[in-house]
Trainee: 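The structure follows.
What you see is a predicted model; the values in this text were computed from it and never measured.
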Amino acid sequence: MAYPGPAAIIGNDGSLLDSNASARRLIPLLEPGAKGDLPGAIRLARDTKTPVLRLVPVATTGQASGLDVIAIPLADGLRVLLLGRDPVLEAALYSALADSRARYKDYVSLASDFAWETGANGRFSFIMPSDALGYREHGLLDTDPVDLLDRWERKDVAIVFQTTRPVRDVELWARAGDGRAVCLLASAMPVYDAAGARQGTRGICRDVTEQREQERALRRLHNREQVRARVVRAFRDEVDISGILTMAAEALAKGIGACGCRILRRGPAGSMSPDDDGASYPLADLIVGGDYGSRDAAPSPDALPEELTLGAQPWEAFVGTVNVMVVTTNHHQTLNGAVVVWRRAERGPWSGDDRKLIHDVADQVGIANEQINRYETIMTLSRTDALTGLLNRRAFLEDVERRHHRLERAQASSALLYLDLDNFKQVNDARGHAQGDRVLTMVADILGQRTRPTDLVARLGGDEFAVWLEDADDAVANQKARDFLEGGALLLPMSGRPDHPLALSIGIAVCDPNRPESLETLIKRADSAMYAAKLGGKGRYHLADPVEPVSRDGDGHPEAR
């Protein structure tokens, strides 16, 4: 007999005709007087021709238990079929099954946010829990997974929901019930029937959106730190002071995907007006410190704010084809420049990470602008005469040397003028050194007011001055000397003694590219011409004789002698 529990066939006389192995527990109960009165149940079933159910006691491994036995009369009216069922075992099996289902559900819940199954038609046929991803209960049943995924991910539907082989941890972006984007890590395997035909797919999904957002936030932070580190390195390692801000502009533009960046700064403190409080500044008065990127797409200055204000929010606007942001820079609560970035309008507005990075760089630029201004101030002081503000001897000779080297290439003559005050010692002796300083300052004004921005004016020391006239021939140099002498008439009232009037003696040496000479020779000619003016009676100028011309070959080069 294939019945899983005790089974036996009882004859008309109560004898055991057939049984399975499990029926041995029933045999003792067939004896007259046995507990449970199983023989009585057999007779009742045969007499009434209806099944009779009895609970009879049995002993199992020393413990008392019971069997549900049903006596079923057979068709011949003589035999009775006995079938036994252990209610305790059945209850245990049901309990084990319930525990197994609960355990499986817990494991699935721990391993994923929801489990799913698709049918042969590719649509969801099972979802657990039923309100997965915030959809209403059973809201995903009988829907197509394509409708769940973000439109950029729909091409990958077959990889997971229609897979023909097991897949693990496939990343997909989907839409939750509230419309937000969620990142799912999906694992799946195909389901086949006994004949090997594919019936659908089973799988689990885990919501890793928060983890991915944290990873992206860390990547963005890492990117900001990298850009900030490149800017700091540029400020620290770049030797050429003029290239520091350009390197910073390039690092920032590349870090935020901008097509251009311009760093503006204020001049040294000496260039500020006395009533400047450092809290606001016209944008047009800033100078370009660093420039990188597309000049064609760069916003016009007219499209930017006219004035910058310390502590103001960044200025943002779409200007033509680009999106522009302007952020002020400062040092110790003094506005000292701005960072201007722009990128194509199709990139959309600036993100929060973009703003953080720009502000980080702007903080560093504010420090760099201050350092550059201090450096320029020091350099200016090192090249400038403290009393008159003119170039000092070292700076003048360095600049004149560079210009002298360019003369032959430019094929234009220039002039060097040496000036010396006549009777200046008597001013110091008779009226004091303070009056002498005022005289020297007035000479600086006379020379500065009568020269062009392209010319060089210097105080060489004591009462000696020099002027380099760019693109000047004999006629221009002579006229300029006369202008200086005319201005020198203002010095007369400041003379130390009436019989020793203050005046200027001027020596001129014109450098002609067709008559090349060394800078040393040029200086000596100007100096000698100045002494010739003094010997000629002071208060006058003298033009030095030109140097001998040099013959040239057919290519215009000087011929060797």
Trainee: Taking only residues two or more places apart in sequence, or in another chain, which ones meet Y541 in a ring pair (Phe, Tyr, Trp, His ring centres under 6.0 Å)?
Mentor: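 Applying ring pair (Phe, Tyr, Trp, His ring centres under 6.0 Å) to Y541 gives none.
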Trainee: Within the 4.5 Å heavy-atom criterion, are W342 and N323 side-chain neighbours or not?
Mentor: no
Trainee: Is it true that D429 and K425 make a salt bridge, defined as a side-chain N closer than 4.0 Å to a carboxylate O?
Mentor: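 Judged by the 4.0 Å cut-off on N to carboxylate O distance, D429 and K425 do form a salt bridge.
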Trainee: What pairs meet the salt bridge (Lys or Arg N to Asp or Glu O under 4.0 Å) rule with one or both residues in residues 320-349, with sequence neighbours excluded?
Mentor: R343-D354
Trainee: Is there a side-chain contact between K538 and N423, using heavy atoms and a 4.5 Å cut-off?
Mentor: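 A side-chain contact under 4.5 Å exists here.
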Trainee: Not counting sequence neighbours, list each pair that qualifies as a salt bridge (Lys or Arg N to Asp or Glu O under 4.0 Å) and has a residue in residues 442-454.
Mentor: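 Output for this query lists R452-D455.
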Trainee: Please enumerate all residues that pass side-chain contact (heavy atoms from CB on, under 4.5 Å) together with A284, with sequence neighbours excluded.
Mentor: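 Scan of A284 (side-chain contact (heavy atoms from CB on, under 4.5 Å), adjacent residues dropped) gives none.
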Trainee: Enter the distance from S528:OG to I523:CD1 here, rounded to the nearest 0.5 Å.
Mentor: 11.5 Å
Trainee: Suppose we screen for side-chain hydrogen bond (donor to acceptor under 3.5 Å, both in side chains). Which residues come up paired with D353, at least two apart in sequence or across chains?
Mentor: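 D353 satisfies side-chain hydrogen bond (donor to acceptor under 3.5 Å, both in side chains) with R220, R224 only.
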Trainee: What pairs of residues pass the salt bridge (Lys or Arg N to Asp or Glu O under 4.0 Å) test when at least one of them lies in residues 298-323, not counting sequence neighbours?
Mentor: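 Counting only pairs at least two positions apart or across chains, the salt bridge (Lys or Arg N to Asp or Glu O under 4.0 Å) contacts touching residues 298-323 are E316-R355.
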Trainee: Among R394, H404, R383, find the one that has a side-chain hydrogen bond (donor to acceptor under 3.5 Å, both in side chains) with D399.
Mentor: R383
Trainee: Using side-chain contact (heavy atoms from CB on, under 4.5 Å) as the criterion, list what pairs up with A466, not counting sequence neighbours.
Mentor: F396, Y418, L460
Trainee: Less than 4.5 Å apart, any side-chain heavy atom of R266 and any of L286?
Mentor: yes
Trainee: Within the 4.5 Å heavy-atom criterion, are L304 and P299 side-chain neighbours or not?
Mentor: yes
Trainee: If I take atom CZ from residue R515 and atom OG from residue S413, how far apart are they, to the nearest 0.5 angstrom?
Mentor: 11.0 Å
Trainee: Does anything in residues 525-537 form a salt bridge (Lys or Arg N to Asp or Glu O under 4.0 Å)? List the pairs, not counting sequence neighbours.
Mentor: D420-K534, D422-K534, E517-R525
Trainee: Considering residues at least two apart in sequence or located in another chain, which fulfil the salt bridge (Lys or Arg N to Asp or Glu O under 4.0 Å) criterion with R431?
Mentor: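 So R431 forms no salt bridge (Lys or Arg N to Asp or Glu O under 4.0 Å) with any residue.
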Trainee: Nearest 0.5 Å please: distance from the CD1 atom of I378 over to the CD atom of E376.
Mentor: 11.0 Å
Trainee: Is there a side-chain contact between Y135 and L148 (heavy atoms, below 4.5 Å)?
Mentor: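 SC-SC contact between Y135 and L148 confirmed.
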Trainee: State which residues pass side-chain contact (heavy atoms from CB on, under 4.5 Å) with R230; sequence neighbours excluded, sorted by chain then number.
Mentor: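 For R230 the side-chain contact (heavy atoms from CB on, under 4.5 Å) partners, ignoring immediate neighbours, are Q226, V227, R233, A251.
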Trainee: State which residues pass side-chain contact (heavy atoms from CB on, under 4.5 Å) with Q211; sequence neighbours excluded, sorted by chain then number.
Mentor: R206, V208, E215
Trainee: Can you list the residues that meet the salt bridge (Lys or Arg N to Asp or Glu O under 4.0 Å) rule with E210, with sequence neighbours excluded?
Mentor: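 With sequence neighbours excluded, E210 shows a salt bridge (Lys or Arg N to Asp or Glu O under 4.0 Å) to no residue whatsoever.
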Trainee: Is the number of heavy atoms from other residues, nucleotides or ligands within 6.0 Å of CD (E398) greater than 12?
Mentor: yes
Trainee: Using modelled atom types and a 3.5 Å cut-off, is there a donor and acceptor pairing between side-chain atoms of T328 and backbone atoms of L310?
Mentor: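 Checking the backbone N and O of L310 against the side chain of T328, no donor-acceptor pair under 3.5 Å is found.
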Trainee: Using side chain to side chain contact (heavy atoms under 4.5 Å, CB included), reason through L417 and F484 one step at a time and then give a plain yes or no.
Mentor: CA-CA 11 Å; L417 280 66; F484 292 157; 3.7 Å; yes
